[in-house]
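First up is the structure itself, then whatever we jot down about it.
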Amino acid sequence: MGMNDTPSGERVHIGFFGRRNAGKSSVVNAVTGQDLSIVSATKGTTTDPVYKAMELLPLGPVVIIDTPGFDDVGALGEERVRRTKQVLNKTDIAVVIIDAAEGRSPADDEVLNLIRDKNLPYLVVYNKADLLDQPFKAQDHEIYVSALKGEGIHELKERLARLKPVETASPIVSDLIQGGDFVVLVVPIDTAAPKGRLILPQQQTIREIIDNDSAAIVVKEYELRHTLECLGQKPALVITDSQVFAKVSADTPMDVRLTSFSILMARHKGLLETAVRGVTALEKLQDGDTVLIAEGCTHHRQCDDIGTVKIPRWLRNYTHKDIRIETASGRDFPEDLSPYALVIHCGGCMLNGREVQYRMKCAADQAVPITNYGIAIAYMQGILKRSLSVFPYLQSLV
């Protein structure tokens, strides 16, 4: 992703669902104006969810998701259906494609019931309407189209735009500062840092600061003390990478507010209060307990990777317990969390809000505490209360 691209986690996710050969891929290609998905008369051509980030007028930045058929069969087919159901957890707008010539089936009703259970905005699209002698009158949430002939596709896109969810996410930092403020961002550059670029939360934070008519000053952790001495005025806020929390806390005067990118992302994704409440489970960990460390993206693991090396080390040093660690990355978040005493999640910058909320709900439904990287690290280093100074209503929970 380039600096000018809308992050995947900030895009509207539109999932296309339906039976095999209902024409899902044909409709996806017609809506996007691209050969995004392979189209074939052979059932089950789409074998895995296909994701495409793009600009789709009149919606704007979106992620289009084409899914395998909901009526797939056999052991492999069951796995494909399971993955299709998982797509619902990150879908903001659901599109159910039905073959107009064949009509609605029990498989279509099943996916519609799942969509309604999740309170997703949705549209039922009857494809292949050109094969009907007389198209039926469309009901609420319905539209008749022909992907082959392009009929009804413009109206379909207009209908999808009207289903776009209202933005409810908290900002990352803009409401915590005022125009003209100085904000110091501490960005370690080590072997794990991506070459030639900043990681996504850092990019997003800088952009919000600039949009707020404030100044962003970016330094490495060993330059912080000197930078603060040379500024000539107190910064409104210091934001740090969680990995260097302890040093940054020591070098930042106590009258300067301090937090981390991870904590700000937790609020942005709706996880913050749950994560603050969940972090106290660290005090209850026992020998033999298993902790799940989950990340929303897949990246090349470095020798001192935060999720697989640093946090496990800090956990064992803090608890003095023989703790088992399991990891999950990308879309492979386990549905069954019962084996875990605690889930520690990354900031979730690559996940949209709906998927973060789904993961939170999984943990809550199974009574498994969940926290995130920045909160767990600050807690183990004894600086969580200070790190929540920008959110004083949460400090009493620590």
Side-chain angles (χ1 to χ4, degrees), residues 7-15 49 51 63 65 67 82-94 114-115 117-120 165 168-170 172 199-201 204 242 260-282 285 289-299 306-308 311-312 315 324-377 379 394:
S8 174
E10 306 299 321
R11 293 172 177 263
V12 175
H13 285 49
I14 307 175
Y51 294 78
V63 174
I65 313 171
T67 63
R82 186 186 71 82
R83 292 187 180 186
T84 295
K85 289 180 179 178
Q86 288 182 330
V87 171
L88 285 168
N89 300 322
K90 65 192 73 178
T91 296
D92 296 305
I93 302 173
L114 289 172
I115 288 167
D117 287 345
K118 293 180 179 291
N119 293 318
L120 293 177
T168 58
S170 298
I172 297 173
I199 62 174
L200 183 56
Q204 291 177 273
S242 300
S260 75
F261 294 104
S262 184
I263 289 174
L264 294 178
M265 287 303 297
R267 182 181 70 135
H268 181 56
K269 299 294 182 177
L271 176 63
L272 183 56
E273 183 169 346
T274 297
V276 172
R277 293 182 183 277
V279 74
T280 56
L282 288 168
L285 292 177
D289 280 349
T290 302
V291 173
L292 175 66
I293 298 179
E295 296 186 337
C297 64
T298 55
H299 62 268
I306 185 170
T308 57
I311 290 180
L315 274 174
R324 295 180 64 250
I325 302 294
E326 290 188 12
T327 60
S329 59
R331 304 182 185 111
D332 296 328
F333 188 77
E335 296 177 358
D336 180 11
L337 297 177
S338 60
Y340 306 112
L342 175 64
V343 176
I344 303 179
H345 207 289
C346 71
C349 63
M350 296 302 293
L351 304 177
N352 66 345
R354 187 172 288 276
E355 184 162 8
V356 173
Q357 294 299 310
Y358 162 74
R359 295 184 178 196
M360 284 173 52
K361 188 174 186 304
C362 281
D365 289 348
Q366 298 174 61
V368 177
I370 183 171
T371 189
N372 92 330
Y373 281 16
I375 292 165
I377 293 169
Y379 184 88
L394 292 176

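By convention here, the first residue in the shown sequence is residue 1. Values below: every heavy atom of this structure, side chains too, minus hydrogens, waters and symmetry copies.
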*Listed partners of Asp92 passing salt bridge (Lys or Arg N to Asp or Glu O under 4.0 Å), at least two apart*: Arg354
*In Å, rounded to the nearest 0.5 Å, how long is the span from CG of Asp289 to CG of Leu282?*
11.0 Å
*Do the non-hydrogen side-chain atoms of Leu264 and Pro201 ever get within less than 4.5 Å of each other?*
no
*Which residues satisfy the side-chain hydrogen bond (donor to acceptor under 3.5 Å, both in side chains) test with Ser170, sequence neighbours excluded?*
none
*Check Thr280 against Tyr379 and note the closest heavy-atom contact, atom names and distance.*
CA-OH, 4.2 Å
*Can you find a heavy atom in the side chain of Ile115 that is under 4.5 Å from one in the side chain of Leu88?*
yes
*From CG (Leu271) to OG1 (Thr371), nearest 0.5 Å*: 7.0 Å
Under 3.5 Å, which donor-acceptor pairs do the side chains of residues 341-349 form with other protein atoms, sequence neighbours left out?
{"unit_1": "His345", "atom_1": "NE2", "unit_2": "Arg359", "atom_2": "NH1", "d": "2.9"}

*Is the shortest heavy-atom distance from the side chain of Ile370 to the side chain of Leu337 under 4.5 Å?*
no
*Would a 4.5 Å heavy-atom cut-off, applied to side chains only, mark Lys90 and Leu351 as touching?*
no
*For Asp336, check salt bridge (Lys or Arg N to Asp or Glu O under 4.0 Å) against everything at least two apart and list the hits.*
none
*Is a side-chain N or O of Gln366 found less than 3.5 angstrom from the main chain of Glu335, in a donor-acceptor match?*
yes
*Can you find a side-chain donor-acceptor pair between Tyr373 and Glu295 that sits under 3.5 Å?*
yes
*Report the C-alpha separation of Ile311 and Val291 in whole Å, then their side-chain angles, then the decisive distance to 0.1 Å, and conclude whether the side chain to side chain contact (heavy atoms under 4.5 Å, CB included) test is met.*
CA-CA 11 Å; Ile311 290 180; Val291 173; over 6 Å; no
*List for me each residue that meets salt bridge (Lys or Arg N to Asp or Glu O under 4.0 Å) alongside Lys361, sequence neighbours excluded, and say none if there are none.*
Asp365
*Separation between SG of Cys362 and CG of Asn89, rounded to the nearest 0.5 Å*: 6.5 Å
_With Glu10 via side chain to side chain contact (heavy atoms under 4.5 Å, CB included) - residues at least two apart_ = Thr6, Pro7, Gln204, His268, Lys269
